[in-house]
Amino acid sequence: MSKRLAPRVNGLSYGGDYNPEQWPESVWAEDVALMREAGVTVVSLGIFAWAWLEPADGRYEFDRLDRLMDILHSGGVAVDLATATASPPAWFSVAHPESLPVDADGRTLTYGSRQAFCPSSTAYRRKALDLVEKLAERYKDHPALAMWHVHNEYACHNARCYCETSADAFRDWLRARYTGLDALNAAWGTAFWSQTYTDWAQVQPPRATVTSSNPTQLLDFRRFSSDAHLANFTAERDVLLRVSPDVPITTNLMAASCYELDYWQWAREMPVISNDHYVLAEHPTPPAAQTAYAADATRGLAGGGSWLLMEHSTSAVNWQPRNLAKAPGALLRESLGHVARGSEGAMFFQWRASRAGSEKWHSAMLPHAGTASKIWREVVALGGALGRLAEVEGSRVVAHVAILLDYSSGWAQEAPNQPSTDLHAFDEVKRWHAALWRAGIAADLVHPAADLSRYTAVLAPSLYLADDDAIANITGYSAAGGTLIVGPYSGLADRNDHIRPAPLPGAFHNLLGVRVEEHFPLPAGASVALDDGSSAAVWTEQLSVTEATVLASYLDGPVAGEPAITRFGEAWYLGTRLDDSSLQALLAAATGAPVTHHVPAQVEAVRRRHEGGNAYLFLLNHGDGPAVVDARGTDLLTGTAWTGPAEVPGRGVVVLREA
Ligand code: GLA
């Protein structure tokens, strides 16, 4: 049996952010009673409670938190205790105005919302660590303590700060990276536009200027900003490790929505990987595919192992243009969609809906309507379902396809002055993932320099910038016979975002057996037809083959008659952005990867497996009517033993312990 993610939690993790500081103490006992009714096993306590725990500088008031920890423990609810450092109190910001974040236009942003601090602020770091130390000392041996929840969604609101403190820290970071100014000038290509620096004091963050900033400066500033936040995380983590070495530690990432932090670097520093995910109600990608991406991306960060869904919503959120409520059954399917893909539970923002504040119209486990509500009934049912799924804990999803994701590459491509504003690296990664999802093929998200040897196929949807390690790794994988499928605008730049020497695509022309002569992005809304029946938009390029075979050519568009899709051995190149269904057809055929299970179109199938033990087939029916699936086993949710085809109720879920 593999090591449990949070050994003190009784079963899978089920619960949510618990913000009792928003409520009179008289409500707390009712909270715990209702948590028991819902089958809650753990809550994330006190995430935004800094001002409540330290109402004035150095005046710590822990007696209420003491009582809460005791009440929760006696109710059988474990605690994922927050370090409460996500939102500095007003007294702190007033005492340390230099800690407030400054945007690229030089505007100082004030307090009064949350996370209003500069990530490089030493005053913030010092006061945060004081609080962490006090909390760790006080609660390290409390029997309710199951995990430390450091901060909350780092960089959610204060990703990059352009103040003087940040400028100094950025210069230090650059000195460590380049040692001397000559190397920095070379890396940034400052000979262009007379940008050469002759003194470190001249170097600054990419603040607002009259036209485009230097792209490598932009890229390095994003790398630096990720590192600045990471240093805050590791500082808190190290205090916790010193004071309470045996307690698991996490911080909640946003793997499907935040592209401000290099999560591969973060993941290496995180004892437990957890993630927050909110579906975009009006997005063209269906909610289930969004869920699948978030879960697969998080599992990738966890190296294929256990992770935890730390937040999602029971119904509507409050920050989209129209906050659509979830249809009946969606809550169960979405939660179990994460569990199917490796989450060791399903947690929410938040336990009890807030009466005041910005999030009063955000759904919760206990809604404003109280227990006589669809949400509450579904919350209680989900608690029961998770209780019956306890045995899946520790099992793993096995995928045969890897999708490469690189933050630096995406950041470089987000700089201005690209050939087209319509090609977006992070969106392309999601779109390729969604194509596999529709085809029923399981995929892992991985770093381009990760071990690829166990995969049948590796996809590089958008890898504009590929550093030398990535190229060596991908080339090695391909040389060993693996199937590689590369998307357009890939392999062009080195780690400093300098274009690699001819022929293009510099990193991959040998591997792919092609040469790119010139890019021909398409006008807005235009599309092209290919002679294999597929269609494409956004991007075309003048491509010639050196050793590859042409699989499809353009029938029209600016490069009509020229190659669009090529193949050299097991290395495929797409010189265009295929539409969704063409992409799905190509990937399903080219990856050679098995589908997880043959199911009707409305059903999603995902499998978790204990090494050398039981396998669990999750069947999520996204359609309204029942579906029949040729599968056998015992449904853990109902106890039904299916000896013939299994029936999955409309909008329902079956989890088979496979025979
Ligand atoms: C994030 C935050 C929560 C809450 C939710 C609302 O995930 O971590 O505090 O604001 O968003 O969806």
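All values derive from a computational prediction rather than experimental measurement. In listed order, ligands and their atoms are each counted from 1.
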Taking any residue with a non-hydrogen atom under 4.0 angstrom from an atom of ligand 1, which ones do you get? F48, R114, N152, E153, D276, Y278, E311, W319, F349, E359, H362
Heavy-atom pair of closest approach, residues E236 and A128: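 Reported closest heavy-atom pair: OE2-CB, 4.3 Å.
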Given side chains that start at C-beta, do those of D105 and Y162 come closer than 4.5 Å, heavy atoms only? no
Find out whether M254 and Y278 are in side-chain contact, i.e. whether some heavy atom of one side chain is under 4.5 Å from a heavy atom of the other. no
Run through S274, S306, S13 and flag the one making a side chain to side chain contact (heavy atoms under 4.5 Å, CB included) with E344.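 Option passing the side chain to side chain contact (heavy atoms under 4.5 Å, CB included) with E344: S306.
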CZ/R67: more than 12 non-hydrogen atoms of other groups inside 6.0 Å: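 Yes - once you tally the heavy atoms of other residues, nucleotides and ligands closer than 6.0 Å, there are more than 12.
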Residue of the set W50, W266, F233, F117 for which ring pair (Phe, Tyr, Trp, His ring centres under 6.0 Å) holds with H151: F117
